[in-house]
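A short worksheet on the structure shown next.
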Amino acid sequence: MAVYFFNTLNRKKEEFKPLKDNEVGFYTCGPTVYNFAHIGNFRAYIFEDLLRRALKYHGYKVKQVMNLTDVDDKTIRDSQKVKMSLNDFTAQYKKAFFEDLKTLKIEAAEVYPAATDHIAEMIELIEVLMEKGYAYQASDKSVYFSIAKFPEYGKLAKIDMENQRAGVRIDTDEYEKDSVADFALWKAYSEADGDVMWDSPWGKGRPGWHIECSAMSMKYLGKTFDIHTGGVDNMFPHHEDEIAQSESANGCTYVNYWLHCAHLIVNGEKMSKSLGNFFTLRELIEKGYTGSEIRWVLLGTHYRKKLNFTFEACDQARTQLKKFSDMFIQLNKAQGGAVVEIDVLISETEEHFKRAIGDDLNISDALSAVYGLYNGVKKLVNDNCAGDYASLAKNDAEKIIIQFKRFNEVLDCLDFDVQEEIVEIDDDIQSLAEQRFQARNNRDWAEADRLRDELKERGYVVEDSKDGWNLKKID
RNA sequence: GGCGUGGUGCCCAAGUGGUCUAAGGGAGUGGUCUGCAAAACCAUCAUUCACCGGUUCAAAUCCGGUCCACGCCUCCA
């Protein structure tokens with residue numbers, strides 16, 4: 001089954017053809033480790049996780065590389081603020097990042113190269129650019145890439161440098177450059193960098209931002225590779241600069257497919273600290289949401305569409321995921337002999353799902369396939385088993401669960417091991433419920449309702465069932 | 001100023017020339033069940049796709065214009 005992606009390079013959906021038959025190499029711009037990642041960041045990482053799982057679902061072997069930017073203005077600035085070494089400072093956020101990935105069940109990439117471990121590779125690449133005449137050292141000792149030497153500059157972001165607003169980015173430091181848009185490959189050491197510096201053929205300093213991605217992707221994926229992803233904001237200048245550097249140095253296409261995800265907004269507004277709508281994953285977990293619920297929300301909107309994050313959506317996620325868990329609990333009870341025609345439903349929804357995620361990661365359509373199975377199963381059980389899952393044949397129930405697990409290879413939000421809620425309940429609550437049960441049996445409705453209200457006040461909801469009652473704690 | 005994206009029911013959200021009187025979810029409504037509830041289940045829920053024109057046998061989907069929202073052009077995913 002063919003896979004299609006919307007390629008930013010020409011703004012069209014294209015059939016995906018990897019360099020190697022069965023293997024896909026892709027590079028995803030990772031975090032700058034100067035703080036806890038926020039949900040906007042995770043929108044991008046979830047998108048990339050969906051990409052890798054969709055590729056695997058379609059039978060590809062994947063090699064994903066995600067960089068960790070552990071040296072730049074922000075990491076240096078903030079490590080100095082707290083008087084920590086750059087390494088110690090970034091180490092704590094790297095650790096936090098990996099913990100967060102686990103919370104959101106984002107699959108581990110094959111390689112997580114850190115910029116500071118690849119200074120030598122970056123220097124090597126800059127040397128090639130110097131030799132080939134694409135780079136120059138300015139009077140401020142920094143090394144810049146000359147975009148005038150790369151006529152295709154702007155092809156990704158569709159930016160025509162002639163028409164750009166002149167002046168906005170010129171500050172006093174930048175007069176050294178031949179052209180304002182030239183970007184730094186190597187930044188000469190300045191006092192503000194403290195003890196952060198490396199030796200290079202151009203003197204002490206540190207790498208520019210863009211060069212790490214070019215150097216590290218080349219090392220782990222080759223000079224040309226299949227897919228490169230990131231947030232839309234990375235399109236320009238970051239990815240444009242990567243293309244310029246890499247293609248100038250290597251003389252070949254850098255990346256075949258560029259995929260960019262749209263931003264996340266919160267309650268319709270851009271997420272920002274001043275609006276008070278800025279959330280890290282950790283804050284949401286503290287509010288009581290689970291990783292699966294947040295994953296479901298972040299996964300649920302197509303990656304090229306702005307995702308409006310709301311608490312309402314998180315609550316909906318809880319409701320939706322619970323529906324699936326409830327069905328799994330029921331399916332696990334199957335032990336009857338009723339055989340239902342399940343195979344067609346399974347193969348249809350499987351095909352639907354696979355086609356959808358292969359169609360530029362159309363998650364909405366894919367989820368409709370999942371609900372197709374869900375609703376189809378309910379209908380079969382209603383029609384053939386009078387709604388009683390216990391009378392369903394165990395073998396059929398297992399087939400259904402296997403298919404949901406198959407979907408879960410991509411979604412990874414469904415929980416198959418939920419037990420029916422057994423709440424630890426105090427004896428006095430238990431006895432209130434008991435008394436109410438007795439009152440009901442005695443048809444003393446007034447007393448029964450009074451006891452129900454009392455239980456409610458104490459935080460429990462009573463649900464009557466055929467042969468007794470259930471107590472549920474109110475959240 | 002330049003470039004780009006998007007406006008689909010109460011909310012979220014697919015569909016991008018005919019199977020669309022528009023998928024799916026949430027909420028709502030009606031019903032079954034129940035002493036009443038809750039839960040569960042069943043049913044129902046846009047002749048319409050921001051607006052105005054045009055192309056076409058046929059448009060939510062293509063073209064032009066208008067309005068609105070947003071992003072990038074300032075190392076923020």
Side-chain angles (χ1 to χ4, degrees), chain A residues 8 11 13 28-32 35 37-48 69 72-74 154 157-171 181 183-184 187 208-210 229-238 240-241 260-265 268-272 296-297 300-310 312-313 315-320 323 326-327 330 352 356 359 362-372 374-375 378-379 381-382 386-388 439-441 443-446 448-449 452-453 456 461-466 469-470 472:
Chain A
T8 308
R11 314 288 160 108
K13 211 191 270 184
T28 51
C29 281
T32 301
N35 209 329
H38 56 71
I39 47 167
N41 298 316
F42 285 113
R43 199 266 160 112
Y45 307 137
I46 291 268
F47 144 62
E48 286 148 2
T69 300
D72 80 320
D73 293 351
K74 295 189 296 282
K158 307 276 184 252
I159 279 175
D160 176 0
M161 295 315 289
E162 302 289 309
N163 281 336
Q164 289 312 297
R165 209 191 279 192
V168 281
R169 49 184 292 172
I170 300 180
D171 60 40
F183 55 90
K187 293 185 158 190
W209 176 37
H210 316 297
T229 73
V232 279
D233 51 319
N234 274 163
M235 216 159 86
F236 192 89
H238 184 49
E240 197 68 58
D241 290 351
H260 292 95
C261 74
H263 273 153
L264 171 147
I265 54 178
E269 293 174 299
K270 185 170 176 166
M271 181 165 67
S272 74
W296 186 260
V297 173
T301 297
H302 185 88
Y303 74 94
R304 280 190 286 119
K305 217 173 156 170
K306 275 195 294 283
L307 189 159
N308 189 15
F309 185 89
T310 61
E312 196 192 348
D315 294 337
Q316 282 190 17
R318 177 163 299 180
T319 308
Q320 293 176 55
K323 277 174 58 168
D326 286 349
M327 177 175 273
Q330 294 302 118
H352 180 180
D359 181 17
N362 190 336
I363 191 68
S364 300
D365 196 21
L367 289 177
S368 82
V370 177
Y371 278 102
Y374 175 86
N375 289 319
K378 277 206 293 203
K379 187 160 170 43
V381 172
N382 280 325
D388 178 19
R440 269 189 81 225
N441 284 345
R443 308 182 70 81
D444 183 355
W445 311 131
D449 290 348
R452 182 165 62 195
D453 288 345
K456 197 173 174 186
V461 170
V462 196
E463 288 175 9
D464 293 330
S465 63
K466 264 183 213 159
W469 71 90
N470 269 324
K472 276 191 181 164

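Quick caveat, the model's predicted, so the values are computed rather than measured. Lettering follows sequence order; numbering is per chain, from 1.
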Check against salt bridge (Lys or Arg N to Asp or Glu O under 4.0 Å), D449(A) and R452(A): CA-CA 5 Å; D449(A) 290 348; R452(A) 182 165 62 195; 3.4 Å; yes
Rounded to whole Å, CZ of F236(A) lies from P of C76(B) at a distance of 14 Å
Check your understanding: If you measure from the Lys or Arg side-chain nitrogens to the Asp or Glu carboxylate oxygens, is any gap between D326(A) and K323(A) under 4.0 Å?
Key -> no
Checklist entry - What does H302(A) touch in the nucleic acid at a heavy-atom separation under 4.0 angstrom: a base, only the sugar-phosphate, or nothing? => result sugar-phosphate
Here the distance between atom C1' of G7(B) and atom CG of N308(A), to the nearest Å, is 14 Å
Taking G71(B), A14(B), C76(B) as options, the one with an atom nearest any side-chain atom of N41(A) is C76(B)
Subject >> Between G71(B) and C52(B) - P atom distance, rounded Å >> reply: 28 Å
Separation of A14(B) atom P from H352(A) atom NE2, nearest Å, is 13 Å
Rounded to whole angstrom, note down the P distance from A22(B) over to G4(B). 35 Å
Inset, instruction - Sticking with atom P, work out how far C51(B) lies from C36(B), rounded to a whole angstrom. - result: 47 Å
Considering only heavy side-chain atoms of E312(A), the closest of C11(B), C76(B), G24(B) is C11(B)
Residue set satisfying side chain to side chain donor-acceptor pair (under 3.5 Å) with D444(A), at least two apart, ordered chain then number -> none
In whole angstroms, the gap separating C1' of U61(B) from NZ of K13(A) amounts to 13 Å
Applying salt bridge (charged side-chain N to carboxylate O under 4.0 Å, His left out) to D315(A) and not counting sequence neighbours gives none
Any donor-acceptor N/O pair, R43(A) side chain to A262(A) backbone, under 3.5 Å: yes
Check your understanding: Roughly how far apart, to the nearest Å, are A23(B) and G15(B) at atom P?
Key -> 14 Å
Across all chains, not counting sequence neighbours, the side chain to side chain donor-acceptor pair (under 3.5 Å) partners of T8(A) are H260(A)
Of C3(B), C72(B), A77(B), the nucleotide closest to the side chain of K158(A) is C3(B)
(Q) Measuring to OP1 and OP2 of C70(B), would you say a side-chain N or O of K305(A) lies under 4.0 angstrom away? (A) no
Query raised in the report: On a whole-Å scale, what distance lies between the C1' atoms belonging to A59(B) and C49(B)?
Result: 11 Å
To the nearest 0.5 Å, atom CG of D388(A) lies from atom CG of N382(A) at 10.5 Å
Under 4.0 Å, counting only non-hydrogen atoms across every strand here, what does H263(A) touch: a base, just sugar-phosphate, or nothing? base
- Span that lies between the P atom of U8(B) and that of A50(B), in whole angstrom: 7 Å
Nearest-nucleotide check on RNA chain B, K306(A) vs I39(A); residue mapping nearer the 5' end is K306(A)
Rounded to whole Å, the CG-C1' distance (D388(A) to U32(B)) equals 17 Å
*Contact class for I363(A) vs. all strands (heavy atom < 4.0 Å): base, sugar-phosphate, or nothing?*
nothing
Worksheet item: Which part of the nucleic acid does G387(A) contact within heavy-atom distance under 4.0 Å: base, sugar-phosphate only, or nothing?
Response: nothing
* To do: Quote, to the nearest angstrom, the P distance that separates G25(B) from G35(B).
  => 31 Å
Separation of C70(B) atom P from F309(A) atom CZ, nearest Å, is 20 Å
Contacts of N362(A) meeting side chain to side chain donor-acceptor pair (under 3.5 Å) (sequence neighbours excluded), chain-then-number -> none
Original post:
Considering residues, nucleotides and ligands other than R11(A), do more than 12 of their heavy atoms fall under 6.0 Å from its CZ?
Top reply: yes
Closest of C3(B), A13(B), A77(B) to the S364(A) side chain is A13(B)
Exercise. Rounded to whole angstrom, note down the C1' distance from G17(B) over to U55(B).
Key: 12 Å
Per-nt protein contacts along nucleotides 34-43 of chain B (heavy atom under 4.0 Å; B base, S backbone sugar-phosphate only, - none) come out as -BBBBS-SS-
| query | Between the main-chain N or O of T28(A) and the side-chain N or O of E48(A), is there a donor-acceptor pair closer than 3.5 Å? | reply | no
Per atom distances to the Q316(A) side chain, the nearest of A77(B), C11(B), U8(B) is C11(B)
Is D241(A) touching bases, backbone alone, or none of the nucleic acid, heavy atoms closer than 4.0 Å?
nothing
Atom OH of Y303(A) and atom P of G71(B) are separated, to the nearest Å, by 21 Å
To the nearest angstrom, the CG-P distance between D233(A) and A77(B) comes to 6 Å
Q) Do D359(A) and D365(A) have side-chain heavy atoms sitting under 4.5 Å apart? A) no
For RNA chain B, consecutive-pair runs of 3 or more (Watson-Crick or G-U wobble, both H-bond-type distances under 3.5 Å) give B:1-7 with B:67-73, B:10-12 with B:24-26, B:28-32 with B:40-44, B:50-54 with B:62-66
